[in-house]
Every structure is written in structure tokens, then in C-alpha cells.
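By convention in this document, chain letters (A, B, ...) are assigned in the order of the sequence lines, proteins followed by strands, and residues within each chain are numbered from 1.
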Amino acid sequence: MPVFYGTEIASPLMLGTAQYPSPAVLAEAFRRSGAGVATVSLRREAAGGGGAEFWALIRELGVRVMPNTAGCHSVREAVTTAHMAREVFGTDWIKLEVIGHADTLQPDPFGLVEAARILTEDGFRVFPYTTEDGILGGRLLEAGCEVLMPWGAPIGTGLGLNNLYGLRTLRAQFPEVPMVVDAGLGRPSHAAQAMELGFDAVLLNTAVARAGDPAAMAEGFARALEAGRLARAADPMEPRDMAAPSTPLLGLAVLE
Amino acid sequence: MKITVNGTQTEIAATTLAAALEELGYGEARVATAVNESFVPAAARPGQALAHGDRLEILAPKQGG
């Protein structure tokens, strides 16, 4: 199972907690998938609001919690949110998002590196939501990150692995660095593909929460991840352009 | 004095952050706080003075992806 910052997690599935039709469905999705990490956020709370109930639900899941800095567009916002999250959730793990554009939700690479450096110096274990850009990946590692989380596609699109070449290259460029494909996955086949490429885990939310049956879809993702992991370890054949018969030609009858 | 609490103008009598949370009804709630865009740890709330026009953010665990 994947190891991040010296901690092994129970599953290569990191699952978001937003957009489920009900808390019960959320809990069932986690139970059936065996997800090892739950991502959470911080938002404004009215007096007597629902934060306590949600926190109790997450605690009952028995999974590791990773807060995010979703919605932050500046370094300052992201760093301040991370500090607030560390206090509330009691973890130094942070999914670092510094968003560069409101429509694409593409990471701001410049702000991301700066925020990663600040947070690493402040003792955080940073999981940066990044692109598949290898130069950016290298800068994040230099800033102190020990994990990279390239996007598959923009958040919430469900388009899958948009840039196979880029992801494959990133994987090859830093073979020892744990990597998570974060965002843009829509179907279990996308998750299997990420594992076949050699990624260590995937992080997703919408594909499960917005499925007609979220718990079944969560289990589907878990099985696909296992299939992809097995395939990667089994050294898949190389594709080829020309057909090659699998049945031996030797001994073929002459019938005309 | 008037301060802004989570984006809403609010009249409070308290002069420290800890007292303001109590006055606003947060009690022992699991929340994180920032004053004027700077994080204020829970341990520092009793000593965090509030002034007219301050901007207070009170955040709690929520769903996230």
C-alpha cells in the first residue's frame, strides 16, 4: 500500500467527502471502498452550525483525514487556511491547492511553489495539487514536498487522464517520489489506468458522490485500483501496430 | 463595537477574541479563528484584543474534495 511521509495508508483510494446525497451514503461509500484517506475542508461556521456533526461522522469512518485549501487563490489565503486546518483537524497533512483560474481551477504554479515552501518550513506535510509539468514537479520537491499530486483533468470534469504523455513522463522523471493522480477522474477505468502508469494512489470525489449509486461506484473504484495495481506489478505487454496470431501456426491443417 | 464576523457586520461587547466567541454562542465549538486575515491559535484567543472594524473569520470542519 502507498506510503506518504513515512505513513502507510490502507488503500490507494483517497476519497473526498463533499456532494453526497446524505451523510449515510457518504459513510457507506467509505465502507464499501475501504478508502484510506478522507479529504475535508474548512468553511465559515455559524454559531450552533453543523461542523460538529460532520466532524463526528468523519471520526467514525476511522480513516486518516487530510484537509485541503480548496478555493484559495493566493499564497496568503492558502497558508492561513492550512494553519487553521492543522489546529482544527489535528494533522500536519495538507492538500495544498492554490488555484490560478476560477474557470479551469488550474493550479497557480508560482503561488503553489511559494506556499509549499512556506508550509514545509512551518512543519506541514504538503500534498500539492499540481499539473503534470515536470519542471514544476521538480520545484515542488525542492520546496520540500515528498509527494506530488498531478491532476488527471480539471476538478469535477470526469474527463480522466487528459495528458497521458505528460503523466507518464512525470512518473518516469521522478521514479522514487510517491504520486497521486488528483482530480478529473470520472470512471473506475481512469483509476485503473493511473495505477497501470505507476501512480501510487488516486484522489477523487465527484465521480463517486455524483454517481447514481455512490457506494457502488466507490467499490467499483476500489476494485479498479486493485486491478491496475496488479497489472502494473505484472509487467504488461508492449502494444504493437501489427497483428500477431496467438494460436500457433505450427500444425495448421492444409484444407484447400 | 462593530466588527465583521464571517462577512456580516456584528455588534459585540467583548474586547477579546475568546470573549467574543463566548458572546457569539460558539462556546466550546471546534472552530479555527483568524483576525484581519491572520490565524489566531486557540491558545492565543484570550490575549487577542479586538478593535472596532476588525474582521473575524470563524471556520469549522466541512465537506471537501
Considering only heavy atoms and a distance below 4.5 Å, find which of [options] pairs most often with chain B.
options                        : result
Met84(A), Arg86(A), Lys95(A)   : Met84(A)
Ala209(A), Gly156(A), Gly51(A) : Gly51(A)
Thr39(A), Asp182(A), Leu204(A) : Thr39(A)

### Task
Please flag which part of Ala29(B) lies under 4.5 Å from any non-hydrogen atom of chain A: side chain, backbone, both or neither.
neither

### Message
Taking side chain as everything from C-beta outward and backbone as N, CA, C, O, which of these in Ser38(B) sits under 4.5 Å from a heavy atom of chain A? Side chain, backbone, both or neither.
### Response
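Contact with chain A: backbone and side chain both.
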
### Query
Side chains of Ser41(A) and Gln63(B): does their closest heavy-atom pair fall under 4.5 Å?
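In short, these two side chains do not touch, never coming nearer than 4.5 Å.
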
### Message
I'd like to know if the side chain of Arg44(A) reaches the main chain of Asn6(B), judged simply by a donor and an acceptor atom lying under 3.5 Å from each other, with no hydrogens or angles considered.
### Response
yes

### Message
Donor-acceptor pair, distance only, cut-off 3.5 Å: does the side chain of Tyr26(B) make one with the backbone of Gly48(A)?
### Response
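Answer holds: no.
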
Does anything in [range] get under 4.5 Å of chain B by heavy atoms, and if so which residues?
range                       : answer
residues 103-125 of chain A : none
residues 57-81 of chain A   : Asn68(A), Arg76(A), Thr80(A)
residues 15-31 of chain A   : Gly16(A), Thr17(A), Ala18(A)

### Query
Taking only heavy atoms into account, what residues of residues 16-24 of chain B are found under 4.5 Å from chain A?
Leu24(B)

In this structure, are over 12 heavy atoms from other groups packed under 6.0 Å from [X] atom [atom1]?
X         : atom1 : value
Arg55(B)  : CZ    : yes
Glu11(B)  : CD    : yes
Arg187(A) : CZ    : no

### Task
Look at Arg30(B) together with Glu53(A) and state whether they make a salt bridge at an N to O cut-off of under 4.0 Å.
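Salt bridge: no.
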
## Note on the structure
Nearest heavy-atom contact between Val31(B) and Val88(A) is C-CG2, 3.7 Å

